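Naming: A, B, ... by sequence-line order, numbering from 1 per chain. Computed from a prediction, not measured in an experiment: that's the story for all the values here.
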2 protein chains.
Amino acid sequence: MDVNLLHNGYVTATVAVEANETDACCIPSVVPALSAEEAQGKAQAFKALADPNRLRLLSIVKASESGESCVCDLTEPLDLGQPTVSHHLRILVDAGLLNREKRGTWAYYSLVPGALDEVAGLLASL
Amino acid sequence: MDVNLLHNGYVTATVAVEANETDACCIPSVVPALSAEEAQGKAQAFKALADPNRLRLLSIVKASESGESCVCDLTEPLDLGQPTVSHHLRILVDAGLLNREKRGTWAYYSLVPGALDEVAGLLASL
DNA sequence: TTCTTATATCGACAGTCGTCAATCTAGTAG
DNA sequence: CTACTAGATTGACGACTGTCGATATAAGAA
């Protein structure tokens, strides 16, 4: 990070010096752009969505009338083993997209309100 | 999908039969949810965004005043080798997020208008 | 033509990811 | 208590991904 900040601070001057040789492809942006840490965090959110089966899980939970689904209802339609579904659900919970609530024998998953909109907002603020 | 419809159509009865045994976790959604193909396609879009360096590339292109950036300006600030940047740019172009235009010696990349919003829309229509 | 430079492509390697079988944990029923 | 069941965790394996060095391509300069 400190490396990037330092680098970007001097980029303009460096380009100006070398311009009289051969260069002149274009004017580099003065904006430091997304930092490595910000990019890492945002990419993490998209990683959670970058799997078809996780998208289907989210879709099922979202479509559920009660707003929550138990794992049994999530395992069947996906044609995946129970450990695999559990693994995907864990990733979605860790990403802050799903809530997990255990009641008795069963575990119920529900959408975290506004979480998907928040991810959509990440795109606008790139 | 037809399988799901069939399944869901009879789930109520099935549950009713087994209900007097042990079951009754919850009412499964009647909605067929996202199909495997739709999910695959949407996941592909998020995969393109699921890398911090690709997000930074998009950020730099977006922040550029002229609306386009040449590869040289994209390689430096990312601290990556030139082939790697070229590889990431290819993924973003293939995902329909960036346009590539070669003028003379240099290649210029620009945001495809509305492409990011379209991805954001995918989240709303899950 | 030959030389140089910008960018893309290829091949290889390490690390990550999705999946499953086996096991563990924690509730419920008897 | 034991037996059963829902779900999570572990370990392993194959597939995919990000990265780089080397090379190829293509365009301008000499």
Anything under 3.5 Å between a protein N or O and an N or O of nucleotides 18-24 of chain D, put it in a table, one pair a line.
from, atom 1, to, atom 2, distance (Å)
D:dG18, OP1, B:R54, NH1, 3.3
D:dG18, OP1, B:R54, NH2, 2.8
D:dT19, OP1, B:N53, ND2, 2.8
D:dT19, OP2, B:H88, NE2, 2.3
D:dC20, OP2, B:G81, N, 2.9
D:dC20, OP2, B:T84, OG1, 2.9

query = Just to confirm, is there a sub-4.0 Å distance from OP1 or OP2 of C:dA8 to any side-chain nitrogen or oxygen of B:R90?
reply = no
key: B:T105 side-chain N/O to C:dA6 phosphate OP1/OP2 under 4.0 Å   = no
query = With nearest nucleotides of DNA chain D determined for B:K102 and A:K102 from heavy-atom distances, which residue corresponds to the more 5′ nucleotide?
reply = A:K102
request  = Kindly say if B:Y109 contacts the phosphate of C:dA8, meaning a side-chain N or O under 4.0 Å from OP1 or OP2.
outcome  = yes
Atom-to-atom span, CD of B:E101 to P of D:dA27 - whole angstrom = 14 Å
ask   = Rounded to the nearest Å, what distance is computed from the CG atom of residue A:L98 to the P atom of nucleotide D:dA8?
value = 12 Å
query = Charged N to carboxylate O under 4.0 angstrom, B:E68 versus B:R100?
reply = no
request  = For residues A:L111 and A:L97, determine if any side-chain heavy atom of one lies less than 4.5 Å from a side-chain heavy atom of the other.
outcome  = no
query = Between B:L49 (CG) and D:dT17 (P), how many Å, whole number?
reply = 14 Å
key: CD on B:Q40 to CG on B:L34, rounded to 0.5 Å   = 11.0 Å
B:L98 side chain reached by B:V112 side chain, heavy atoms, under 4.5 Å = no
inquiry  = Is the shortest side-chain heavy-atom distance between A:S125 and A:K42 below 4.5 Å?
reply    = yes
inquiry  = Is there a path of hydrophobic side-chain contacts, each under 4.5 Å between heavy atoms, that joins B:V85 and B:I91?
reply    = no
query = Quick one: CG on A:L55 to CG on A:L92, what's the gap to the nearest 0.5 Å?
reply = 8.5 Å
ask   = Hey, does B:R100 reach any base, or is it just sugar-phosphate, or nothing, if we go heavy atoms under 4.0 Å?
value = sugar-phosphate
ask   = Whole-Å distance between C:dT7 C1' and B:L78 CG?
value = 16 Å
task = Could you pull out all residues at least two apart from A:D79 that satisfy side-chain hydrogen bond (donor to acceptor under 3.5 Å, both in side chains)?
result = none
key: Global bending angle along the helix from C:dT1-D:dA30 to C:dG30-D:dC1, which compares the axes of five pairs at either end, to 10 degrees   = 20°
